[in-house]
Structures are given as structure tokens and as C-alpha cells.
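Proteins get letters first, then strands, A, B, ... in listed order; numbering begins at 1 in each.
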Amino acid sequence: MKSAQTALKPEHQTIRKAILAIPRGHVASYGEIAARAGLPRRARLVGRVLREAGDEAKLPWHRVLRADGRLAFVPRSRDFLEQKRRLKAEGVLVAGNRVDLRRFGWQRDLDAGLWAPPEAD
DNA sequence: ACATTGACTCGCG
DNA sequence: GCGCGAGCCAATG
């Protein structure tokens, strides 16, 4: 039999792990996740992995945004609203359709005294 | 096999 | 801030 098991590629696995590693109350861009997974410039792949994953995968997909802080979904769409709701639920402020990456971006180092991150995980 | 699409990003003007 | 083009590449038509 030739049951194609659509085995999860290792690339997808590392991307999932990178997403899982985003601390609660923080966000990261598609590009950042890709880079962290050892796949620079593969932002689009991150988007694909997220789409294929769906909600069953239980990944914190709502913590993944575009590089400029905007949500990737069409404003007012169902998914957009859901993402906004989840972010708000964990303390991430969404002004209009974007998040302030200086405050909530997944950056451990630059908090040398400004903005004071919501919570150090 | 070719063209388009897309949960993206970056540089340039 | 905005539009354009290029890079990216698997999935879809």
C-alpha cells in the first residue's frame, strides 16, 4: 500500500518549536521565527506551517505577527478578531491593527532601562 | 509544465 | 508614510 503519510518535515518541526518558545505576553514576527529555526528568509514557510497546523496543533499562533507589528490577517476578518482577542487576553495591547514591538516583541536584551517589558518570563 | 498565489520581508525612491 | 520590485518557494489551478 502506498498510504502517503504526509510526514511532518524536520523544517516544520523546528518552526513549530520556535513558535512554542514565544513567551506568553510577547510576540515575534514570521521572519524572526524562521531565523530562530535556522531558516533565514523563510518567513513564508512559517506562514504555511501555521496554516497547515490549524487549531488542533495548539500552537500559540496568535503571537506571530508581521515584521512591522501588524497582524497578518485581513482587518475585521474572523481570524483577525480572534487573534486580537487572544493577544488582549494575555496582556498584549493591539492598537488598531498593530502591536508595539518595542514593548511586546520577543527581545530579551534591549530592555536596558526603557519600556520595562510586561513580565520577564 | 507553466502561471499565480500567499498567515512574509527588505531595500530604494 | 507609501508603492515597487525582488527574493522566497510550496501549494494550487
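- Here the P atom of nucleotide C:dC8 and the CZ atom of A:R48 are 13 Å apart, to the nearest Å.
- Taking only side-chain nitrogens and oxygens, A:S29 never comes nearer than 4.0 Å to OP1 or OP2 of B:dC8.
- The interatomic distance linking A:R16 (CZ) with B:dA7 (P) rounds to 17 Å, in whole Å.
- Side-chain contact between A:I22 and A:V64 is present, with at least one heavy-atom pair separated by less than 4.5 Å.
- One distance of note links CD of A:E52 with CG of A:L45; it measures 8.5 Å at 0.5 Å rounding.
- Put simply, CG on A:L39 is 14 Å from C1' on C:dA10, counting in whole angstrom units.
- Rounding to whole angstrom units, CZ of residue A:R86 and P of B:dA7 are separated by 18 Å.
- One atom, CG of A:L65, and another, C1' of B:dA7, lie 11 Å apart when rounded to the nearest Å.
- In this structure, A:R42 reaches the sugar-phosphate backbone alone: every heavy-atom distance under 4.0 Å involves primed, P, OP1 or OP2 atoms, never a base.
- Atom CZ of A:R98 has more than 12 neighbouring heavy atoms from other residues, nucleotides or ligands inside a 6.0 Å radius.
- Rounded to whole Å, the distance from CG on A:L101 to P on B:dT9 is 10 Å.
- Counting any heavy atom pair closer than 4.0 Å across all strands shown, A:R66 reaches sugar-phosphate atoms only and no base atom.
- You'll find that the side chain of A:L50 is closest to B:dA7, out of B:dA7, B:dT9, C:dC8.
- Using atom P as the reference point in both C:dG7 and B:dA7, the two lie 22 Å apart (nearest Å).
- Nearest heavy atoms, A:G25 versus A:F104: O-CD2, 3.7 Å.
- Between A:Y30 and A:L50 the shortest heavy-atom distance is CE2-CD2, 4.0 Å.
- Comparing A:R44 and A:R51 by the nucleotide of DNA chain C that holds the closest heavy atom to each, the one mapping nearer the 5' end is A:R44.
- As judged by a 4.0 angstrom heavy-atom cut-off over every strand, A:R98 is placed among residues touching the sugar-phosphate backbone only.
- Rounded to an integer number of Å, the gap from OH of A:Y30 to C1' of B:dC10 is 17 Å.
- Atom CG of A:L45 is separated from atom C1' of B:dA7 by 12 Å (rounded to the nearest Å).
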